[in-house]
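Read the structure below first, then the notes.
Atoms considered below: every heavy atom in the structure, side chains included; atoms not considered: hydrogens, waters and symmetry mates. Each chain gets a letter, A, B and so on, in the order its sequence line appears, and its residues count up from 1.
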Amino acid sequence: MEQHSQTFLDNAHRALQDADRARRRDLLGRLVPAARTAAVEAFDHFEALRRHVRRVRQHALDNLDHYLTQFEREALHNGNHLHYATDDAALNSIVLDICQQHSARRIAKGKSMVTEETGLNSYLQRAGLDVMETDLGEYIIQQAGETPSHIVGPALHKSAAEIRELFLQKHDLGARELVATSDLVGEARQVLREHFLAAEVGIIGANALVAENGYCMLVTNEGNGDLCANLPSVLIVCTTVDRILPRAEDATAMLRLLVRSATGQAQTCYTSFYSGPRREADLDGPLETHIVLLDNKRSDLLASDYREMLQCIRCGACLNHCPIYTSVGGHAYGWVYPGPMGSVLTPLLTSLESSNALPNACTACGRCAQVCPADIPLPDLLRDLRHEEVQARLSPARWRRGMQVHAWLAGRPRLYHFLSGLGVAALALLGRRTGSFRRLPMAGGWTSQRDLPAPQGRTFMRQYRRRQRQRDAR
Amino acid sequence: MPVSDRAALFARVRHGCRGAPAADIEAQLRGLGRAPAAALPAADVATSFLVNVLKNQGSANAAEHRSGAVSAVSAYLYAHYRSQRLVAGNDPRLAAMPWRDAGVLPRFGAVAPGESVTLSFARLGVAEMGAVVIYTGRSNPAANNLLPERHIVLLDSSDLVSDMESAWERINADMEKLGRPRGVNFIAGPSSTADIEGQLVYGAHGPRGWHVILIGDNATDALQQARAIAGR
Ligand code: SF4
């Protein structure tokens with residue numbers, strides 16, 4: 001997928017101008033976290049579950065060579081064809097080859113962030129294939145020619161009115177009323193059902209790969225992924241090695257975290273495990289199944305200090321709880337993965353040069369780490385990336401010099417306290433009359449949006465020490 | 001398949017791993033213990049299962065015996081379609097039921113266009129999720145779970161388990177005996193979507209209606225209690 005992460009600030013600025021979308025993002029940032037909190041509380045032992053799954057995933061990653069070998073053996077035994085793709089281009093060409101071998105024209109696709117990453121749709125379309133996204137959210141943005149704004153609800157940025165307009169324009173179904181949301185869903189169901197029944201190849205992602213038995217776990221509410229996995233005569237699962245878990249029960253333990261963190265549900269409607277092609281005597285199912293394992297730098301991550309990021313289960317909770325994401329939305333991040341997890345993943349999977357704005361899109365509030373079911377220390381990883389950014393001299397020279405001066409000062413506490421005391425006293429004196437500043441030299445960006453309240457005359461440390469002395473005296 | 005991509009990936013993965021012996025890895029995994037499951041909404045498994053089925057927006061009924069289940073299926077068909085037709089997989093348990101007594105007219109096989117209701121006999125029910133577990137195969141074509149407007153599922157109360165770990169114990173035992181089915185489907189409710197402005201709508205791609213009939217001695221009591229707890 002094309003990347004626009006470097007213009008994050010401009011993207012964000014533009015996003016903030018759209019009041020209607022800003023309102024919906026704000027709502028998302030309040031409703032979804034509330035639903036998640038309720039689901040987590042109802043579970044009773046969520047912390048213990050989180051700890052357990054983290055241990056299992058760390059164990060799986062520590063021994064990934066073992067589990068990858070086991071998964072490969074079992075998946076082959078189940079009758080799958082296995083493929084390995086080092087990068088985007090490799091995955092795309094493997095998938096196209098399979099489609100062409102079967103002279104396929106119509107492809108039904110389930111939701112898959114991995115194929116968003118590789119830009120599979122446009123690649124197949126350029127080769128003349130009719131690729132249809134079947135997850136309702138993905139279908140909507142595909143019809144609108146947009147990219148996902150959220151990893152769980154890709155079309156949540158669009159209003160029902162926009163979607164109505166889109167359907168009236170794109171579906172050649174004559175005059176009709178599309179009043180309720182259920183009418184829109186019903187129409188998409190009708191259009192997509194035809195495609196499902198005609199498609200020769202189904203493409204899905206996987207939420208987990210089970211090493212002990214070679215099954216792929218697929219989790220959806222709509223059932224669209226299952227239709228892709230069961231109706232067409234060829235099935236292709238596009239996934240990555242970090243999805244591998246030792247046992248089936250580990251996959252369902254992770255599922256407990258996933259559903260509650262993603263939508264606040266207690267379970268999704270369809271949790272399916274698929275092992276391979278149709279068995280003898282089966283009445284339906286694909287005749288041929290392929291699993292494509294994409295690396296795209298994940299094996300590098302495994303050996304790096306960012307390894308914990310491979311524990312991400314793509315629940316989207318960090319997005320829903322992030323003050324930056326809920327203000328500017330997913331498109332501002334300029335690539336597949338937005339929000340805190342995206343700000344870590346994008347530089348690692350693309351390059352820091354092309355996305356160093358993202359690790360800075362963080363207020364260090366820590367909410368993401370608090371809610372992340374995979375227990376990933378997102379703010380720490382973002383800080384490490386910022387550190388790398390400075391070391392690689394990617395941030396502006398003026399900024400770096402400022403930080404150097406700050407670091408020098410911070411290493412000399414006496415001087416630091418003396419100078420900051422001086423600064424605060426001077427500001428207090430200057431702002432005595434109005435109580436605030438409308439403009440300040442070197443802080444124009446800050447004061448362009450709001451006034452800076454004038455300090456009261458003493459630094460925090462001074463006041464703190466005075467209080468301590470008073471308390472000791474008592 | 002370019003072998004080099006596989007070799008490269010394996011080499012890089014190995015580089016990031018500890019290279020522990022298999023026996024140690026297995027011992028370590030066992031040492032991690034069992035994951036905690038969700039708290040059940042009632043004291044017994046059958047009631048908990050039905051509470052969660054109702055919370056998942058499924059509808060439910062109960063019968064003491066299989067003949068009672070046949071009447072329950074007939075009543076559901078009549079209420080929704082004023083008809084007695086349905087499609088069922090070639091499950092021997094379904095074939096053996098006294099359909100004619102209630103006037104139900106099943107067709108055995110995979111659902112075809114124009115057919116609206118299917119019937120499955122679940123292998124398991126999981127109380128924690130309010131889910132039924134169905135294996136795809138001759139007894140249960142996958143299309144029967146996914147394509148109809150309404151899906152009726154029968155379940156013996158002796159096939160209820162409390163959590164997913166217990167479900168896997170049974171499924172793994174089945175696999176040992178019968179081989180691996182192509183698909184193991186946990187189904188917990190009618191198909192739904194919240195992709196338009198976060199509003200929940202039922203009948204996204206799969207069934208709009210999902211009806212579970214629990215069969216067993218205590219099933220009717222359990223259903224009564226479940227309705228009281230779920231408020232539905
Ligand atoms: S980083 Fe954590 S919270 Fe964010 S999507 Fe991944 S698992 Fe969910």
Q | Heavy-atom pair count under 4.5 Å with chain B, highest-scoring of A/Tyr270, A/Phe196, A/Tyr274, A/Tyr139 | A | A/Tyr270
Q: Between chain B and each of A/Arg55, A/His45, A/Arg260, A/Glu74, count heavy-atom pairs under 4.5 Å; write down the option with the most.
A: A/Glu74
Q: Carefully, step by step, assess A/Leu283 and B/Asn90 under the rule side chain to side chain contact (heavy atoms under 4.5 Å, CB included).
A: CA-CA 10 Å; A/Leu283 296 180; B/Asn90 295 301; 3.7 Å; yes
Indicate the atoms forming the closest heavy-atom contact of [X] with [Y], along with that distance.
{"X": "B/Ala39", "Y": "A/Ala42", "answer": "CB-O, 4.3 Å"}
{"X": "A/Arg189", "Y": "B/Gly206", "answer": "NH1-O, 2.6 Å"}
{"X": "A/Arg193", "Y": "B/Leu146", "answer": "NH2-O, 4.0 Å"}

Please report the interatomic distance [atom1]([X]) to [atom2]([Y]), rounded to the nearest 0.5 Å.
{"X": "B/Asp5", "Y": "A/Asp87", "atom1": "CG", "atom2": "CG", "answer": "7.5 Å"}
{"X": "B/Phe186", "Y": "A/Phe273", "atom1": "CZ", "atom2": "CZ", "answer": "5.5 Å"}
{"X": "B/Gln199", "Y": "A/Leu184", "atom1": "CD", "atom2": "CG", "answer": "9.5 Å"}
{"X": "B/Asp24", "Y": "A/Asn63", "atom1": "CG", "atom2": "CG", "answer": "9.0 Å"}
{"X": "B/Trp168", "Y": "A/Arg247", "atom1": "CH2", "atom2": "CZ", "answer": "12.5 Å"}
{"X": "A/Arg279", "Y": "B/Leu178", "atom1": "CZ", "atom2": "CG", "answer": "12.5 Å"}

With a 4.5 Å cut-off on heavy-atom pairs, point out which of [options] contacts chain A the most.
{"options": "B/Pro141, B/Pro36, B/Pro181", "answer": "B/Pro36"}
{"options": "B/Leu29, B/Asp163, B/Ile171, B/Asn185", "answer": "B/Leu29"}
{"options": "B/Ala143, B/Cys17, B/Gly16", "answer": "B/Cys17"}
{"options": "B/His15, B/Glu169, B/Arg34, B/Glu128", "answer": "B/Glu128"}
{"options": "B/Pro41, B/Gly130, B/Gly183, B/Gly189", "answer": "B/Gly183"}

Q | Portion of B/Ala194 that has a non-hydrogen atom of chain A nearer than 4.5 angstrom | A | backbone
Q.
Please classify the contact of B/Val13 with chain A as side chain, backbone, both or neither, using a heavy-atom distance under 4.5 Å.
A. both
Is it the backbone or the side chain of [X] that comes under 4.5 Å from a heavy atom of chain B, or both, or neither?
{"X": "A/Glu249", "answer": "both"}
{"X": "A/Ile163", "answer": "side chain"}
{"X": "A/Asn224", "answer": "both"}
{"X": "A/Arg51", "answer": "neither"}
{"X": "A/Leu61", "answer": "backbone"}
{"X": "A/Ala248", "answer": "both"}

Q: Take B/Thr193 and A/Asn221 through the test side chain to side chain contact (heavy atoms under 4.5 Å, CB included) and record every step on the way to the result.
A: CA-CA 6 Å; B/Thr193 183; A/Asn221 277 313; over 6 Å; no
Charged N to carboxylate O below 4.0 Å: is that the case for [X] and [Y]?
{"X": "B/Arg138", "Y": "A/Asp282", "answer": "no"}
{"X": "A/Arg256", "Y": "B/Glu165", "answer": "yes"}
{"X": "B/Glu197", "Y": "A/Lys158", "answer": "no"}

Can you tell if the side chain of [X] reaches within under 4.5 Å of the side chain of [Y], non-hydrogen atoms only?
{"X": "A/Glu212", "Y": "B/Asn172", "answer": "yes"}
{"X": "B/Asp195", "Y": "A/Glu222", "answer": "yes"}
{"X": "B/Ile25", "Y": "A/Tyr67", "answer": "yes"}
{"X": "A/Thr86", "Y": "B/Leu9", "answer": "no"}
{"X": "A/Ser272", "Y": "B/Val184", "answer": "no"}
{"X": "A/Asp226", "Y": "B/His205", "answer": "no"}
{"X": "A/Leu64", "Y": "B/Arg14", "answer": "no"}
{"X": "B/Ser191", "Y": "A/Cys269", "answer": "no"}

Q. Can you tell me if B/Arg182 and A/Asn78 form a side-chain donor-acceptor pair at under 3.5 Å?
A. no
Q) Do A/Asn213 and B/Arg180 meet the criterion of a side-chain donor-acceptor pair at a distance under 3.5 Å? A) no
Q: Identify which one of A/Asn230, A/Leu231, A/Asp284 satisfies the side chain to side chain contact (heavy atoms under 4.5 Å, CB included) criterion when paired with B/Leu147.
A: A/Leu231
Q. Hey, mind stepping through A/Asp65 and B/Arg18 against side chain to side chain contact (heavy atoms under 4.5 Å, CB included) and telling me if it holds?
A. CA-CA 9 Å; A/Asp65 51 347; B/Arg18 297 180 317 183; over 6 Å; no
Q. Please walk me through it: do B/Arg6 and A/Leu82 pass side chain to side chain contact (heavy atoms under 4.5 Å, CB included)?
A. CA-CA 10 Å; B/Arg6 177 184 180 276; A/Leu82 250 65; over 6 Å; no
